[in-house]
Amino acid sequence: MLSLNAAGFSPSWKTAIFAHLVWIVPIVTLGISIRFFGYDPAQKEAARDLGANSWQVVRESSLPALWPGIFSGGLFAFLLSWSNLPLSIYTSGPDTPLPVWLFTRTATNYSPLVPSVAVIGTLVSAALVVSLALTMFVVRRVQGRF
């Protein structure tokens, strides 16, 4: 935060997003690169030999092979960003993201709204993860890869 202040940036939701990206991008890159290094480039060459254009190679060969890494990277990004409360507190300034709002309402003036918002946030997050997993399962089922 001191470096952002020294550079002339005042704390806002933009600095919070920047700080979370600095924290999350290396972890997501690691998760995707592990999957990428296991990818055999011969699959891309085989798709080219069978007459696929560049977009078809990416859509039919590369993306399905890399999708588990992309999915896990996105899931890690969401979970790590959601649970990193101190980073949000120190970089958000006058803007209050949901985790900071829940924390301050719990610590200062507790109301029944806090657990209801937390439960709704958890259910929405779980529904998002389940719907993405089901979508991935259905797409693979339809394509005959599962």
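- Cluster partners of W55 are absent, since no Ile, Leu, Val, Met, Phe, Trp or Tyr has side-chain heavy atoms less than 4.5 Å from it.
- Cluster partners of L134, using a side-chain heavy-atom cutoff of under 4.5 Å among ILVMFWY residues and allowing indirect links, are V130.
- The same ILVMFWY cluster, assembled from side-chain heavy atoms under 4.5 Å apart, contains both V28 and L132.
- Residues meeting the side-chain contact (heavy atoms from CB on, under 4.5 Å) test with L30, sequence neighbours left out: S33, I34.
- Remark: R48 CZ to N53 CG distance equals 7.0 Å, nearest 0.5 Å.
- Connection of F76 to M136 is not established within any shared hydrophobic cluster, with ILVMFWY side chains joined at heavy-atom distances below 4.5 Å, either directly or through further cluster members.
- Under the side chain to side chain donor-acceptor pair (under 3.5 Å) criterion, S116 pairs with no residue, sequence neighbours left out.
- Between the side chain of D40 and the main chain of Q43, no donor-acceptor pair closer than 3.5 Å is present.
- By the side chain to side chain donor-acceptor pair (under 3.5 Å) test, S125 is found to be paired with no residue, residues two or more places apart in sequence or in another chain being considered.
- Between the CD atom in Q56 and the OG atom in S62 there is a gap of 12.0 Å [rounded to 0.5 Å].
- Taking CD1 of I27 as the reference point, atom CG of L79 lies at 11.0 Å (rounded to 0.5 Å).
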Show every donor-acceptor pair shorter than 3.5 Å between a side-chain atom in residues 63-75 and any protein atom, with sequence neighbours excluded, or say none if there are none.
| unit_1 | atom_1 | unit_2 | atom_2 | d |
| --- | --- | --- | --- | --- |
| S72 | OG | P68 | O | 3.1 |
| S72 | OG | G69 | O | 3.1 |

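- To the nearest 0.5 Å, atoms CG (L113) and CD1 (I120) are separated by 8.5 Å.
- When the shell of 6.0 Å around CZ of F36 is examined, it contains 12 or fewer heavy atoms from other residues, nucleotides or ligands.
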